[in-house]
Structures are given as C-alpha cells and as structure tokens.
There are 2 protein chains.
Amino acid sequence: MARVTITQVAARAGVSVASASRALNGLIASAETVAKVRDAARELGYVADATAQSLKRGRTLQLGYAVADIGNPVYVEMMAAIERVVSASGYRLLLSSTGTASSSVDVVRDLGRGYVDGLILSPLRVTDELLAALAAAPIPLVVLGRLPDSAEFDTVRADSLTAMRLVVDHLVAAGRRDIAFVNGPADTTPGGMRREGFIAAAANHRDLRTRHIDASDFTIAAGYDAALPLLDRTDRPTAVVAANDLIGVGVLRAAEDLGITVPADLAVTGVDDTELAEVVRPGLTSVDLGAKERGRAAAEMLLARIADPARPAHTVTVPPSLVVRGSSSASAPSALRRPELIDEEKAHG
Amino acid sequence: MARVTITQVAARAGVSVASASRALNGLIASAETVAKVRDAARELGYVADATAQSLKRGRTLQLGYAVADIGNPVYVEMMAAIERVVSASGYRLLLSSTGTASSSVDVVRDLGRGYVDGLILSPLRVTDELLAALAAAPIPLVVLGRLPDSAEFDTVRADSLTAMRLVVDHLVAAGRRDIAFVNGPADTTPGGMRREGFIAAAANHRDLRTRHIDASDFTIAAGYDAALPLLDRTDRPTAVVAANDLIGVGVLRAAEDLGITVPADLAVTGVDDTELAEVVRPGLTSVDLGAKERGRAAAEMLLARIADPARPAHTVTVPPSLVVRGSSSASAPSALRRPELIDEEKAHG
DNA sequence: CTGAAAGCGCTAACAT
DNA sequence: ATGTTAGCGCTTTCAG
C-alpha cells in the first residue's frame, strides 16, 4: 500500500509524467493517452497527492472557520451552513477554536503559514490588535459579526438593533411597561450590540421603566443567577428581555423556582431562536438572528472574494425575525417570515 | 505583503538556506547564526509555509473528523473534545460531513490524497463497503462507534447494553412493568445497539410487557409522530424508553398533547444526557453515554497510533451513567458517578 | 558548524 | 500531442 506517484502511473502507461498529469487533469491529450493513463492509474490505485498539488498550484483548497466557542448552538448552526457551502465548492473545512481574544489574533497571524486559502472568523471580542492583524492578513477573510464602521472588511452581521426593537415593541404591545434587560458580558461584541439595541428600542416608547443587568456569561446558569435577585423583589419587572436563549432559559428557571407564573406575571424573551427556545415550557419567545443564513452568506462571500480579490468589500446584513411563543403571550405561537438580506458594497476612497 | 521565503531570510542573514532552516528549527547551529537568522526572519515577517513543510516532511499536521451529521449535539460535544486534544498536540482539525453512507466511504477513500495524517470516523451505518475501505485505508484511523467484533481497528465505543440495562432496571425498580421502546432507524449502528440492549435488559425481568416502535429518525418530530399512536390508546404503556433525548422530548410532547401526566401516568427516558434533557420540564431522565470522553479518547488513540503505527489495535469502551430526572421519578434528581473507561488491546493472530 | 545540492510529488512552460 | 525541464518552499543528506 505504499504511496503511488504520478511517475509510476506514467511509467506503467508508457508516457511521460507531463502527459500523465495532463490526461488526469483533463487537459489536452490524445484519446489513446488518456485511456492508457486512466487504466494505469486505476490499476495502481493512484490518487494525486493533495500536498504536492497545493504546493505547485499555490492553493490548498482549504478554508478555515475560527470561532470562540464551538459547542455554542448558534456557532454550530453557522458551522453546518458553512460546511455545506464549502464542501459543495470542493474545499475542505478547517476548524479552530479561539477561546481567548488573543488566540483569535494568533489564528489570524498564523494565516501566513498558508494552510488555508481563506478564513471565516467569528470573534467574540474585537480588539485593536485583532483589527491590525486582520488588516495585515495575507489571505481573504470574512468576519462574522460587527466591526467598527471604519473597517473595510468583508463582513456578515446580524441586525441586533432591529432584533431588539422587534422584541421590545412586541412586549410593549402586549402591555408590559416595566422591562428588564439581562445581558451577557457587555464587553463582547454581541453583548455591546444587544445592549445598544435595547436602549434604542426602549427610547421609542414613553413611560417605560427599564433596568439593566449583566449576566456573567451567555449561559443558562449565569442567566439564572442574574435573574434571581432581579425577580425576588416586590417591584420586579413585568418582562425580561434576555440577550440570548440560554440566558432566557435561566430566567425561566429562576421564575419557576420563585413561583412566578410565565407569562401571566412575567414575560420572557430570548435571542437566537435555538432549539432550546422551542423545547422549553412555556416556549420561549425569541428573535431568530439567522445563524444559518449568516453562515451561508459568509462562506459564499469568502468564495467570491477568492475568485475576485479585487472586488470591493461587502457587508451583508441578515434581518432578524420574531418568533412568538408562550413565554410572552397567551395566544398561539406565530413567526414572521424572514425578510431578504441586505448586501452593501463598501464605498472606496 | 508578498510571500516571504526562507531563501530571502537566508540572504538577509548572510547564510545558506540550509543554515537558516536549521537555525529556525532549533537544530545544530552556532549561536551567532541563530541570532542572525532569527533577526532576519523577524524583520521580514517570515513564517514557514505549511504546505512546503508538509510535502518535505511527509506529514500534514492535520487530522480529520468525519461525522454523518454535524449539528447533532452529541457529535458536537465529541467534536469539541476532539478539537481540544488535537490542537493541544499541534495538529489542525479538518471537518467533514458525511450525510450518506456512501459518502463516508468516499471520505475514507479520499484519504489516499494525503491531506490528513489520521482520521476519526463516526459512521452512522457500517456497510461491508465501508469496512473494506477502512481496511485499505493508507493512514491511521479511529472509529467512533460499534464495529463487527471481527474487525481489528482502533475503536472507541459507548456501552449501549449497559446503558439500556441502567434505564430498564431503573424503570422496573420504579414499578413500571409495561415498557415501550421507541427506537430511531433500526438499521443504523446506534439504533441496532440500543435495540439489542433494550431486549437484553428486558429479558432480565419477569412479567414485563414490552413493545417496539421505530421512529423514522433520531429527532423530536419523529419521536412525536411515533409516540402519538402508541400513547393514544387505552392499553398504553406505563413507561417509554426513547433511543435518544430528541426522541424522548418528542415523546414528552406527545404525552403533553394527549393530556397524559409525566411521570404519574407515564415515565419517559432518553439517551445521551444532552442539555435538552436538563432543560425540558419535567426533566428527562437520561443515560449519559460519555460523548466528551469518547471524543477525547478517540483523539488520544489516534495520536498514539500515529506515534506508534505498530501498536496493537485498541478498543476503548466508555461506561454510561444514569441521570434520573423528573420524567421518571417524583423524587429529587440524582446521578451516578461515571466509572472508569475500559481499554482493551485486540489480541493478534 | 556550514554550504551545495538533491528531492518530496506535482504542474506548467517550453520546445519539439 | 508529447516529452524535457524547471521549480513551488522547504528539509536533509552529504561533503567540507
């Protein structure tokens, strides 16, 4: 089972390696040569070595996906969507987990090693160091998430502002006027954007009482811990907007333990519309941020940039859609159809 | 930002490429040479090209993980565990999704292209074709899941027999004597093993009534559809053993819709102990099959085989542990501590 | 300790 | 249409 090289195939077919290569790659060659080479290759069990091809061609046919936390359902959904596009285009997908902010910088720097032709990066925190590394990146790169507006990169992002507006408007329409926002860590990109969105959305309404708490993490446990003191008081809010579904489920658990009835005494909403939101009772009203669409868009954008390195930077914004469930409404569940996504070219100059 | 090669570094340092290579790789070289080369490399921003190194060294420092369904929480958990081990060992992780059985065969065949140094494969169905491909694989390979006993491969597997025994014994101890098994597709490896386990476990008890249904898939929707006709009859079972948590949640939903109280009128159990089981109400009693441990063990096993290709085939079996929740018991939740895993060498000859 | 040179397996000029 | 040859960027003999 030792490695079979194209030299052996050529020898067996009685032609030069060049002819063998051409025949195998469907380039110009006589029918007879093609037949001989094909046969020889089959008999020997030849498969071209990917590394040698990469070195010669200058492309690896590999793309990378770097994400802070594999295991988070949202990133998994994106990953699955990315994998679909990537493998359909003949590329392989490389996965890296970038726990800390600095390790995502490392990943970007490491791109110089040339083991991928492009990278999709989903950073949890955007530091100046990371922006500098991005600007210096030697290969195409798409950022999944919000960047400073000044940065000219290909980007796919959710619309947190609209998302929070959908949620707040829905709660206000349902008669809730005392709304608490339970965020995750505010120094993360999603934390920052959702906070901003909540504030802007609340500002649209008169006579609203709002409060803000940061859970220590985007998890059920952190959501529970943050909600407990918030809900265990006489002047507790009548609605809680959680920054993601996990926190939202934590809030539901806290309410349950405190004997607070949802939605009668308290409405709760989440963000991301994960399977959890659907499975929990009462079902958790949530805004779908379009993880699948974002993943697909990012992968397609990366392929487009690889195909045309000169094209201007694009920013695709995936619109959110509200899915109403029992945690915020006594009536039947409903969902809005997702609007079309928005693709903008970055003006140059 | 054009590619910097070792030749340029050598030129700048005023040494030969050979010396530059040696200095960079910590091989034998004078302190002065090392200093000059290091400086030149830093100034030029040199990073060694991974592809060229791979070609020369004959190793890619890449490992693959091929799985039928990314997105299934269990495989995600394994993947996360694998990624941790792999990246800690200086390897990169490549992900492939093998929807169909034949595509997993393709993945194994494609290994001849040499883009990874080893592969972890988690096949949903084991066909003769796949076994043949495995036997012919040119690189180290670990199978996550059950194989025919005759096959001499490195394998990591769950102990479905014990798992089903834990569940059935628990239900019987709780006084349930009419137990239905809602399986996923029986022609899959997990489906087959869990079915077998359920039958064996039931055989340990006298006067047990059992029934078997196959859901069309390991999903909530399929579990719901399978459970509805089973539960909507006067002689419905007093307990349902679901082949995984998703099906289990489907069963809970069906019971809910039929107005059947869990656990008073019906006990339900799942398999995998995913986050879903914890979050659902009542909590779903489930057997943890040790996805994380299996992932870690598989990755370590693969690295061990790469380090020593001659070592005998190992089979690691990860023991299950039962986590009792409200869906099968009115009393407080409880979990057994996980026993140690079992590592056997395959006898040769 | 260092440099020259070979060569990993393949593709792409270039010449025929 | 085919063969010869160079070379992708690197590591590793082999002389010196």
Side-chain angles (χ1 to χ4, degrees), chain A residues 1-38 40-41 44-62 90 110-117 138-139, chain B residues 1-38 40-41 44-62 90 110-117 138-139:
Chain A
M1 283 309 299
R3 169 154 286 315
V4 179
T5 71
I6 198 172
T7 310
Q8 300 171 37
V9 174
R12 175 157 192 139
V15 299
S16 71
V17 287
S19 291
S21 173
R22 283 185 293 249
L24 259 6
N25 290 307
L27 300 183
I28 186 166
S30 73
E32 192 194 340
T33 301
V34 170
K36 284 191 296 185
V37 171
R38 278 227 187 307
L44 262 33
Y46 170 79
V47 258
D49 183 83
T51 307
Q53 285 184 321
S54 296
L55 182 59
K56 182 67 200 178
R57 292 178 167 157
R59 334 178 293 144
T60 59
L61 289 183
Q62 297 186 159
D110 215 34
L111 258 28
R113 306 213 45 201
Y115 54 85
V116 287
D117 298 337
I139 57 160
Chain B
M1 283 308 300
R3 168 155 289 313
V4 179
T5 71
I6 197 172
T7 309
Q8 299 171 37
V9 173
R12 176 156 190 140
V15 299
S16 69
V17 286
S19 291
S21 172
R22 283 185 293 248
L24 259 6
N25 289 305
L27 300 183
I28 188 167
S30 72
E32 192 194 340
T33 301
V34 170
K36 283 191 296 187
V37 172
R38 279 227 189 306
L44 262 33
Y46 170 78
V47 258
D49 183 83
T51 307
Q53 285 185 320
S54 295
L55 181 59
K56 184 65 199 178
R57 291 179 169 156
R59 334 178 291 145
T60 59
L61 289 182
Q62 297 187 159
D110 216 36
L111 258 27
R113 305 212 45 198
Y115 53 84
V116 287
D117 298 337
I139 58 160

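None of the values given here were measured: they were computed from a predicted structure. Throughout, a chain's letter reflects where its sequence line sits, starting with A, and its residues are numbered from 1.
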Provide the closest heavy-atom pair for [X] versus [Y] in the form atom of the first, atom of the second, distance.
X     : Y     : answer
A/V4  : A/Y46 : O-CD1, 3.3 Å
A/L24 : A/A41 : CD1-CB, 4.4 Å
A/A29 : A/V34 : CB-CG2, 3.9 Å
A/V17 : A/T7  : CG1-CA, 3.6 Å

- Task: Find the distance between CG (A/L44) and OG1 (A/T5) and round it off to the nearest 0.5 Å.
- Result: 8.5 Å

- So OH of A/Y115 and OG1 of A/T60: to nearest 0.5 Å the spacing works out to 10.5 Å

- Task: Could you go through the side chain to side chain contact (heavy atoms under 4.5 Å, CB included) check for A/D117 and A/Q62 one step at a time?
- Result: CA-CA 6 Å; A/D117 298 337; A/Q62 297 186 159; 5.8 Å; no

- Message: Taking the axis from the first five pairs and the axis from the last five, what angle separates them in the helix from C/dC1-D/dG16 to C/dT16-D/dA1, rounded to 10 degrees?
- Response: 40°

- Message: Near DNA chain D, counting only heavy atoms under 4.0 Å, which residues of residues 49-61 of chain B show up?
- Response: B/D49, B/A52, B/Q53, B/K56, B/R57

- Members of residues 7-24 of chain B that approach DNA chain D, where some heavy atom sits under 4.0 Å away: B/A18, B/S21, B/R22

- Task: List for me each residue that meets salt bridge (Lys or Arg N to Asp or Glu O under 4.0 Å) alongside B/R12, sequence neighbours excluded, and say none if there are none.
- Result: B/E43

- Which residues share a salt bridge (Lys or Arg N to Asp or Glu O under 4.0 Å) with A/D49, sequence neighbours left out: A/R3

- State which residues pass side-chain hydrogen bond (donor to acceptor under 3.5 Å, both in side chains) with B/S30; sequence neighbours excluded, sorted by chain then number. B/T33

- Listed by chain and number, what are the side-chain hydrogen bond (donor to acceptor under 3.5 Å, both in side chains) partners of A/S16, not counting sequence neighbours? A/S19

- Query: Reading DNA chain C 5' to 3', which nucleotide is the first, and which the last, to come under 4.0 Å of any heavy atom in chain B?
  - Reply: C/dC1 to C/dG9

- Note on the structure: Its 5'-most and 3'-most nucleotides having an atom under 4.0 Å from a non-hydrogen atom of chain B, DNA chain D is contacted over D/dG9 to D/dT13

- So the salt bridge (charged side-chain N to carboxylate O under 4.0 Å, His left out) pairs with at least one residue in residues 18-30 of chain B (sequence neighbours excluded) are none

Acceptor/donor pairs from residues 50-57 of chain B side chains to any protein atom, 3.5 angstrom cut, sequence neighbours excluded:
| unit_1 | atom_1 | unit_2 | atom_2 | d |
| --- | --- | --- | --- | --- |
| B/Q53 | OE1 | A/R113 | NH2 | 2.4 |
| B/S54 | OG | B/A50 | O | 2.9 |
| B/S54 | OG | B/R59 | O | 3.4 |
| B/R57 | NH2 | B/N25 | OD1 | 3.4 |

